[in-house]
Amino acid sequence: LSKSSLKRSLGYSYPLIPQEIIGLVHRSFDKTMLTNMKSLNVVGHYEIAQRLGALSKTFISTIGRAWFPYFMHRAELNTDQARKEIVERYLEVVMIYNYFCFLLCCFSEEAIKLLTTEAFYPSMYILPLVVFYILFAHTLSAISKPQVVFSEKLVYTLPPAITALVVNISLNIYLIPRYGAMGAVLATVAASIASGTMLFYFAQKLFPLPIDYGKLVGQLMMFIVFLMFFYFIMLSDVGLILKLFIKLFLIGSYFYLTVQ
């Protein structure tokens with residue numbers, strides 16, 4: 001093993017060690033606070049929403065295994081056409097993420113009521129936000145992480161990870177005593193937005209791509225608008241059949257608007 005190869009390997013690996021430690025603290029702090037400041041029922045609501053929301057992460061990770069090699073192959077060509085193809089495929093991948101997460105949010109109420117008892121029904125209000133922060137984080141990291149890896153500058157993943165930790169802990173301290181599990185997930189949403197945006201910025205500096213920011217932001221904003229409709233439906237006192245018809249209409253509208 002040559003010194004240059006060893007140095008290159010260490011350059012890839014050493015930023016990941018503190019990042020994993022930060023991630024561990026990030027993932028455990030909110031549950032620790034909920035346990036100490038709220039009841040175990042609240043922790044249960046949060047945990048169920050996290051577990052069901054993890055379905056979106058599993059789906060996205062599966063797509064990502066095929067996307068990452070495609071990105072690296074095109075990036076190595078280092079041509080304007082190859083970069084354009086990366087962006088086109090990236091937006092298609094993000095749209096697939098959106099569709100799956102949209103459906104999961106749409107039927108979050110039915111999923112919680114089908115899989116849990118009445119004591120855990122409050123989880124249905126937490127689940128859509130869990131899915132959203134997973135979607136947001138992976139929408140940006142799907143392009144920014146390969147950019148950073150290709151540029152061999154993994155040290156740039158540390159500032160976003162530290163930012164996520166600081167934002168998450170600060171907001172958890174403020175929000176959990178007031179809003180319980182909903183405060184914890186709102187803190188995670190804010191941390192994901194802050195860290196994801198920062199990593200996206202660094203990645204575009206390291207390996208610039210002609211991304212249509214308007215289209216990317218438009219997809220996320222449309223998702224947020226429909227997410228608000230889902231909350232309105234969950235909070236409204238209408239029958240199950242009517243809710244299903246409204247949701248089917250929203251699904252059709254979302255697919256129609258995003259295809260345009």
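Residue numbers start at 1 and run along the sequence shown.
For the pair Leu127/Cys105, no side-chain contact is recorded, criterion being any heavy-atom separation below 4.5 Å from C-beta on. Side-chain atoms of Leu235 and Tyr125, non-hydrogen and from C-beta on, do get closer than 4.5 Å to each other. Side-chain contact between Ile48 and Ile126 is absent, with no heavy-atom pair separated by less than 4.5 Å. Ser195 places none of its side-chain heavy atoms less than 4.5 Å from the side chain of Asn168.
A cation-pi arrangement, defined by a distance under 6.0 Å to the six-membered ring centre and an angle within 45 degrees of its axis, is present between Arg178 and Tyr174. Because its NZ or CZ atom is both nearer than 6.0 Å to the ring centre of Tyr121 and within 45° of the ring axis, Lys113 counts as a cation-pi partner of that residue. Within the cation-pi definition used here (under 6.0 Å to the ring centroid, within 45° of the axis), Arg83 qualifies as a partner of Phe207.
The shortest heavy-atom contact between Ala194 and Thr163 is CB-CG2, 4.1 Å. Across every non-hydrogen atom of Gln219 and Tyr254, the tightest pair is O-OH, 4.5 Å. The minimum heavy-atom distance between Val131 and Gly53, with the atom names listed, is CG2-CA, 4.1 Å. Asn172 and Ala187 get closest at one heavy-atom pair: OD1-CB, 3.5 Å. Nearest heavy atom pair, residue Val130 against residue Ala49, reads CG1-O, 3.9 Å. Heavy atoms only, all atoms of each residue included: Leu52 and Leu104 are closest at O-CD2, 3.9 Å.
Atom CD of Glu92 has more than 12 heavy atoms from other residues, nucleotides or ligands within 6.0 Å. No more than 12 heavy atoms of other residues, nucleotides or ligands shown are found within 6.0 angstrom of CG on Leu40. Applying the 6.0 Å contact sphere to OH of Tyr213 captures more than 12 heavy atoms from other residues, nucleotides or ligands. Heavy-atom contacts from other residues, nucleotides or ligands closer than 6.0 Å to NZ of Lys57 number 12 or fewer.
With rounding to the nearest 0.5 angstrom, the CG atom of Leu103 is 9.5 Å from the CZ atom of Phe59. Atom-to-atom distance recorded for Lys215:NZ and Thr258:OG1 is 12.0 Å, nearest 0.5 angstrom. Leu129 contributes atom CG, which lies 11.0 Å from atom OG of Ser192 (distance to the nearest 0.5 angstrom). A distance of 9.5 Å separates CE in Met72 from CD1 in Ile86, rounded to the nearest 0.5 Å. Put simply, CG on Leu171 and CG on Leu175 are 5.5 Å apart, with the number rounded to the nearest 0.5 Å.
For the residue pair Ser56/Tyr97, the side-chain donor-acceptor check at 3.5 Å is not satisfied.
Side-chain N or O atoms of Ser123 include one that pairs as donor or acceptor with a backbone N or O of Phe120 at under 3.5 Å. The backbone N or O of Gly180 lies less than 3.5 Å from no partner atom in the side chain of Lys38, so there is not a single donor-acceptor pair. A side-chain donor-acceptor contact under 3.5 Å links Asn98 to the backbone of Val94. Side chain of Trp67 to backbone of Val93: no donor-acceptor contact under 3.5 angstrom is found. The main-chain N or O of Pro69 is never found under 3.5 Å from a side-chain atom of His73 such that the two would form a donor-acceptor pair. Thr79 places a side-chain N or O within donor-acceptor distance of the main-chain N or O of Ala82, the cut-off being under 3.5 Å.
Checked against a 6.0 Å centroid threshold, the rings of Phe230 and Phe223 do not count as neighbours.
For Lys247 and Glu110, the salt-bridge test passes: some basic side-chain N is under 4.0 Å from an acidic carboxylate O.
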Handout entry: Derivation of the side-chain hydrogen bond (donor to acceptor under 3.5 Å, both in side chains) call for Tyr156 and Gln147
Key = CA-CA 11 Å; Tyr156 281 89; Gln147 286 174 287; over 6 Å; no

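Grouping the Ile, Leu, Val, Met, Phe, Trp and Tyr side chains by contacts below 4.5 angstrom, directly or via other members, places Val217 with Val225.
Of the options Tyr231, Tyr99, Phe102, a ring pair (Phe, Tyr, Trp, His ring centres under 6.0 Å) to Phe226 is made by Phe102 and by none of the others.
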